[in-house]
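The structure appears right after this line, and notes come after that.
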Amino acid sequence: YRLGPDAVEAARAVIEAHRIFTAGNGGACAVAQHAAIDWAKAGGRDVMALGDAVSMSAWANDHGYAGALARQVERVRDPQDTALVLFSASGTSPNVVEAASRARACGYGAVVSVSRADRAIALHAAATVQVKLPFGAPTGVRTYGAIEDAMQVWCHAVAVAMSGLSPWKSSEAEGWA
């Protein structure tokens with residue numbers, strides 16, 4: 001699976017952050033939680049996954065599901081040192097899109113969206129950096145599972161880079177190794 005130059009730019013934004021939050025929906029939430037563990041171990045940074053079941057139900061109960069992640073996002077002190085990495089297989093999850101918009105309004109240093117290229121218009125527009133995953137007939141990627149696999153490829157490449165190794169080929173323009 002090959003990811004483009006946007007994936008390298010997004011990785012840099014995450015690697016340069018002092019604090020990182022991850023979040024997603026459904027299977028993408030599992031990817032976000034996995035990324036948080038890997039990045040904390042590899043990079044020795046403050047990394048936390050948002051959106052656990054207890055937090056989501058508590059915030060959703062008081063503020064609606066679409067605002068549940070956004071309310072967690074706006075509670076951060078010194079957001080300029082923080083990267084928020086949002087994962088969405090569909091690219092249209094209202095709670096993920098709202099979290100991206102809120103993080104940008106709060107002044108986060110980076111808001112990274114990791115989603116499919118063809119439908120994540122609002123999510124990618126709200127983010128400061130995007131990883132646009134190919135989806136559809138020309139690519140052969142036709143399932144959310146395959147999109148989640150591509151998310152994991154990117155997450156693992158970021159973890160490798162955080163540990164001091166290079167996941168890139170000799171030329172970054174060639175894509176990921």
Side-chain angles (χ1 to χ4, degrees), residues 3-26 28-117 119-133 151 154-159 161-163 172:
L3 299 173
D6 59 333
V8 176
E9 181 183 353
R12 282 194 184 112
V14 173
I15 292 165
E16 291 172 1
H18 291 97
R19 178 180 28 206
I20 305 162
F21 291 119
T22 64
N25 242 1
C29 182
V31 171
Q33 292 176 352
H34 185 161
I37 298 286
D38 283 354
W39 296 347
K41 288 171 37 182
R45 299 214 176 76
D46 185 10
V47 185
M48 187 171 98
L50 305 176
D52 64 272
V54 175
S55 296
M56 288 299 286
S57 64
W59 287 106
N61 185 56
D62 294 342
H63 303 284
Y65 189 72
L69 286 173
R71 298 297 264 184
Q72 294 175 63
V73 163
E74 67 187 14
R75 299 284 187 262
V76 173
R77 290 186 204 154
D78 302 319
Q80 65 277 3
D81 293 4
T82 304
L84 174 63
V85 184
L86 296 162
F87 299 91
S88 175
S90 72
T92 60
S93 305
N95 62 337
V96 176
V97 173
E98 179 61 28
S101 297
R102 191 74 53 90
R104 193 130 183 212
C106 289
Y108 274 61
V111 181
V112 179
S113 61
V114 184
S115 188
R116 54 194 282 181
R119 285 187 28 201
I121 309 303
L123 177 57
H124 289 318
T128 58
V129 186
Q130 306 83 23
V131 178
K132 296 179 179 178
L133 303 171
M151 290 174 179
W154 181 77
C155 291
H156 287 143
V158 172
M162 283 179 168
S163 69
E172 290 177 358

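Computed from a prediction, not measured in an experiment: that's the story for all the values here.
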Shortest non-hydrogen contact from [X] to [Y]?
X	Y	answer
Val111	Ala103	CG2-CB, 3.7 Å
Ala11	Val158	CB-CG2, 3.7 Å
Val129	Ala10	CG1-CA, 3.3 Å
Ala83	Ala13	CB-O, 4.3 Å
Val31	Cys155	CG1-SG, 4.0 Å
Arg104	Ala125	NH1-O, 3.3 Å

Roughly how far apart are [X] [atom1] and [Y] [atom2], rounded to 0.5 Å?
X	Y	atom1	atom2	result
Asp81	Arg19	CG	CZ	6.5 Å
Thr22	Met48	OG1	CE	8.5 Å
Glu9	Asp6	CD	CG	7.5 Å
Leu84	Ser113	CG	OG	10.0 Å
Asp46	Phe21	CG	CZ	6.5 Å

Hey, does [Y] have a side-chain heavy atom less than 4.5 Å from the side chain of [X]?
X	Y	value
Tyr108	Val76	yes
Trp154	Leu133	no
Trp59	Asn95	no
Arg71	Arg102	yes
Met162	Ile20	yes
Gln72	Met56	yes

With sequence neighbours left out, the residues meeting side-chain contact (heavy atoms from CB on, under 4.5 Å) with Ala23 are Leu50, Leu69, Leu86
Using a strict threshold of under 4.0 Å (side-chain N to carboxylate O), is an ion pair present between Glu16 and Arg12? no
Mark yes or no for whether [X], through its side chain, and [Y], through its backbone, hold a donor-acceptor pair below 3.5 Å.
X	Y	value
Trp39	Arg45	no
Asn25	Ser93	no
Ser115	Ser88	yes
Gln130	His124	yes

Is the number of heavy atoms from other residues, nucleotides or ligands within 6.0 Å of NE2 (His18) greater than 12? no
Is it the case that the side chains of Asp38 and His156 hold a donor-acceptor pair, with the cut-off being a distance below 3.5 Å and no angle test? yes
